[in-house]
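Shown next, in structure tokens, is the structure this report addresses.
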Amino acid sequence: MPSSPRMPIYTPAVGEVVRDLAHLDTSGKPLEAVYMDTLAGLVYLRHEAGGCEWTTKPNRIQALPAPRFLTVQHPSRPRVADVA
């Protein structure tokens with residue numbers, strides 16, 4: 001049985017706004033978020049307005065038709081609550 005060709009996983013640039021197909025907004029559309037990094041096989045994203053990051057799988061993000069970029073501090077500093 002022939003296998004289907006694999007789609008390459010999209011690798012965005014830090015600060016690029018991408019579509020997160022795994023997380024939907026209240027209207028059912030995929031969230032758009034800023035790509036922060038990929039660590040331990042998970043993609044870290046954050047809302048354009050800021051806030052806490054969340055993770056998703058690399059195969060669940062997609063480029064926007066018209067690319068947008070934001071300046072982000074990279075690497076980010078740990079939040080005070082995260083430092084023991």
Side-chain angles (χ1 to χ4, degrees):
M1 174 184 272
S3 63
S4 59
R6 291 184 181 204
M7 292 293 293
I9 293 176
Y10 177 65
T11 305
V14 172
E16 184 175 349
V17 179
V18 296
R19 192 169 285 132
D20 179 3
L21 303 174
H23 296 90
L24 307 177
D25 66 13
T26 55
S27 66
K29 295 179 184 176
L31 287 175
E32 290 184 1
V34 181
Y35 173 79
M36 302 302 289
D37 205 352
T38 300
L39 297 169
L42 292 173
V43 171
Y44 284 75
L45 302 172
R46 181 172 26 211
H47 287 285
E48 290 182 65
C52 291
E53 296 175 344
W54 71 89
T55 60
T56 194
K57 294 181 180 179
N59 64 345
R60 302 299 292 156
I61 61 171
Q62 131 186 129
L64 297 180
R68 293 194 325 257
F69 295 87
L70 294 177
T71 302
V72 297
Q73 180 183 3
H74 189 73
S76 61
R77 293 191 196 127
R79 291 183 289 274
V80 174
D82 293 343
V83 179

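For reference, positions follow the sequence shown, starting with 1.
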Quick one: list whatever passes side-chain contact (heavy atoms from CB on, under 4.5 Å) with [X], sequence neighbours left out.
X   : answer
S27 : D25, K29
L64 : V17, R19, E32, R68
T11 : none
H47 : L31, W54

Is [X] linked to [Y] within one hydrophobic cluster, defined over Ile, Leu, Val, Met, Phe, Trp and Tyr using a side-chain heavy-atom separation of less than 4.5 Å?
X   : Y   : value
M36 : F69 : no
Y10 : L21 : no
L42 : V14 : yes

Trace of the side-chain contact (heavy atoms from CB on, under 4.5 Å) decision for L45 with Y35 = CA-CA 5 Å; L45 302 172; Y35 173 79; 4.3 Å; yes

Looking only at non-hydrogen atoms, find the nearest pair between [X] and [Y] and report the distance.
X   : Y   : result
P58 : G41 : CD-O, 3.3 Å
R46 : G51 : CD-O, 2.8 Å
P12 : V18 : CB-CG1, 3.8 Å

query = Could you give the distance from NZ (K57) to CD1 (I9), rounded to the nearest 0.5 Å?
reply =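 One gets 11.0 Å once the value is rounded to the nearest 0.5 Å.
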
inquiry  = Going by side-chain hydrogen bond (donor to acceptor under 3.5 Å, both in side chains), name the residues that satisfy it together with T55, two or more places apart in sequence or in a different chain.
reply    =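 Applying side-chain hydrogen bond (donor to acceptor under 3.5 Å, both in side chains) to T55 gives none.
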
